Amino acid sequence: MSFVEYSDLIRDGDVAIVYLGHESMMHVKVKQGAQTQTRYGVIRHSSDLIGRRYGSKVTCSKGGWVYVLHPTPELWTVTLPHRTQILYTTDIATITMMLELKPGSVVCESGTGSGSLSHAILRSVAPTGHLHTVEFHQQRAEKAAEEFKEHGVDGLVTVRNQDVCKDGFGVSGVADAVFLDIPSPWEAVGHAKAAMKRHGGRVCSFSPCIEQVQRTCEALAEEGFEEISTLEVLLRVHDVRTVYLPLPDFGADVFAQARADGAETKPQTPVALKTTTPPREMQGHTGYLTFATKPRT
Ligand SMILES: C[S@@+](CC[C@H](N)C(=O)[O-])C[C@H]1O[C@@H](n2cnc3c(N)ncnc32)[C@H](O)[C@@H]1O
């Protein structure tokens with residue numbers, strides 16, 4: 001198992017996603033002899049997981065069942081252990097597209113945080129690209145490096161434990177794209193430019209507050225970045241439901257005469273329709289995404 005390559009069978013040492021319901025998933029480290037408790041009972045790794053196909057329906061000890069799924073960056077984002085606030089798939093999808101990430105891209109990122117975005121970047125740039133990620137909190141940097149190894153992607157990523165605003169990304173002239181998710185991104189814009197290739201590339205900064213955005217845009221303009229644009233992405237998830245619509249009353253009973261004549265009439269049952277309903281509450285503001293282009297030099 002690797003987060004950037006699919007395999008059919010669950011093996012000892014894999015990270016698998018246990019699907020209990022759409023809103024309820026967890027990751028498990030598959031280990032010979034180990035057990036995992038779920039609300040449907042115990043999953044025994046040796047007999048229930050190892051050697052079975054990803055996507056299998058596994059019956060737990062209490063008779064309930066779960067699906068065991070192959071890990072993906074999206075499933076990892078909803079099951080990972082939070083060490084920081086993280087980016088979610090709606091923002092990540094926009095970042096991936098607007099940074100023009102593709103197999104072979106070299107990307108710089110700071111901070112690594114909980115590695116939610118890092119996993120998505122790695123999947124996009126594999127098998128020939130590379131991620132240079134910088135995290136100044138030592139335990140977070142170590143934990144991220146450990147997870148990358150467990151997930152079979154350590155060959156695609158270098159984790160540096162340093163302050164990106166003081167020491168930069170540890171590389172220069174190599175990056176196609178740079179991503180910043182730190183409190184003072186304007187202090188890292190010069191380092192972002194130095195890390196990027198001579199023939200340019202794309203940069204993105206994520207900030208919750210508009211004052212951070214203003215300072216970052218100023219710094220980007222001062223460093224000669226072009227096509228500076230800030231956007232926010234809001235997700236609306238619709239529920240699918242069956243609704244019952246009563247038949248309209250058109251006044252006179254057109255079947256009355258027929259009934260009087262003894263004919264069979266259709267019962268006036270409401271009509272069942274499948275429809276989607278917008279959410280009553282929506283996920284709120286996560287942050288502003290500021291994009292810019294480094295011109296060729
Ligand atoms: C919000 S988290 C990043 C979350 C990450 N994007 C994710 O999706 O999991 C911000 C991280 O940046 C780190 N950080 C803040 N300032 C930094 C700096 N100047 N240099 C390096 N890392 C920094 C913090 O320690 C924290 O772990």
Side-chain angles (χ1 to χ4, degrees), residues 3-4 15 27 71-99 101 107-125 131-151 153-154 156-172 175 177-195 202-209 211-213 215-216 219-220 232-233 235 283-291:
F3 271 57
V4 297
V15 172
H27 71 266
T72 63
E74 290 76 17
L75 293 175
W76 183 244
T77 288
V78 292
T79 58
L80 62 76
H82 282 226
R83 301 181 283 274
T84 60
Q85 182 61 265
I86 64 164
L87 288 174
Y88 290 92
T89 297
T90 309
D91 285 317
I92 291 174
T94 307
I95 293 163
T96 304
M97 179 187 69
M98 299 285 277
L99 286 182
L101 303 188
V107 184
C108 289
E109 174 202 35
S110 187
T112 319
S114 306
S116 171
L117 176 69
S118 316
H119 281 80
I121 295 175
L122 289 167
R123 197 253 320 263
S124 296
V125 305
L131 172 66
H132 297 273
T133 186
V134 174
E135 169 58 60
F136 72 0
H137 187 286
Q138 193 188 340
Q139 281 87 18
R140 281 181 210 149
E142 285 169 3
K143 193 68 199 157
E146 193 183 308
E147 277 174 1
F148 293 139
K149 201 166 187 351
E150 279 175 8
H151 298 169
V153 291
D154 50 321
L156 292 166
V157 52
T158 306
V159 184
R160 291 187 176 85
N161 177 211
Q162 60 196 38
D163 184 339
V164 74
C165 299
K166 288 202 191 104
D167 309 315
F169 291 94
V171 287
S172 66
V178 175
F179 177 81
L180 296 169
D181 180 4
I182 55 171
S184 55
W186 56 91
E187 292 179 14
V189 165
H191 293 297
K193 189 178 174 187
R202 295 279 286 161
V203 60
C204 174
S205 174
F206 173 91
S207 292
C209 306
E211 292 82 357
Q212 292 170 299
V213 174
R215 295 186 73 167
T216 307
L220 286 166
E232 182 186 16
V233 196
L235 180 70
Q283 221 175 33
H285 175 71
T286 55
Y288 299 105
L289 293 168
T290 298
F291 295 93

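Source: prediction; values computed, not measured. Start at 1 and go down the list; that is how both ligands and their atoms are numbered.
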**Q** Looking at H119 versus F3, is the centre-to-centre ring distance below 6.0 Å?
**A** yes

**Q** What's the shortest heavy-atom distance between L99 and V203, and which atoms?
**A** CD2-C, 3.7 Å

**Q** For ligand 1, what N or O to protein N or O distances fall under 3.5 Å?
**A**
{"unit_1": "ligand 1", "atom_1": "6 (N)", "unit_2": "D181", "atom_2": "OD2", "d": "3.0"}
{"unit_1": "ligand 1", "atom_1": "8 (O)", "unit_2": "L87", "atom_2": "N", "d": "3.2"}
{"unit_1": "ligand 1", "atom_1": "8 (O)", "unit_2": "L117", "atom_2": "N", "d": "3.2"}
{"unit_1": "ligand 1", "atom_1": "9 (O)", "unit_2": "S114", "atom_2": "N", "d": "3.2"}
{"unit_1": "ligand 1", "atom_1": "9 (O)", "unit_2": "G115", "atom_2": "N", "d": "3.2"}
{"unit_1": "ligand 1", "atom_1": "9 (O)", "unit_2": "S116", "atom_2": "N", "d": "3.1"}
{"unit_1": "ligand 1", "atom_1": "19 (N)", "unit_2": "D163", "atom_2": "OD1", "d": "2.7"}
{"unit_1": "ligand 1", "atom_1": "20 (N)", "unit_2": "V164", "atom_2": "N", "d": "3.0"}
{"unit_1": "ligand 1", "atom_1": "22 (N)", "unit_2": "F136", "atom_2": "N", "d": "3.2"}
{"unit_1": "ligand 1", "atom_1": "25 (O)", "unit_2": "E135", "atom_2": "OE2", "d": "2.6"}
{"unit_1": "ligand 1", "atom_1": "25 (O)", "unit_2": "R140", "atom_2": "NH1", "d": "2.7"}
{"unit_1": "ligand 1", "atom_1": "27 (O)", "unit_2": "E135", "atom_2": "OE1", "d": "2.7"}
{"unit_1": "ligand 1", "atom_1": "27 (O)", "unit_2": "E135", "atom_2": "OE2", "d": "3.2"}
{"unit_1": "ligand 1", "atom_1": "27 (O)", "unit_2": "R140", "atom_2": "NH1", "d": "3.0"}

**Q** Does a donor on one side chain sit under 3.5 Å from an acceptor on the other, for E109 and H132?
**A** no

**Q** So does E135 get a backbone contact from the side chain of N161, meaning a donor-acceptor N/O pair under 3.5 Å?
**A** yes

**Q** What side-chain hydrogen bond (donor to acceptor under 3.5 Å, both in side chains) pairs are there with at least one residue in residues 75-88, not counting sequence neighbours?
**A** T77-S116, R83-E147, T84-S114

**Q** Any side-chain heavy atom of L131 within less than 4.5 Å of one from S118?
**A** yes

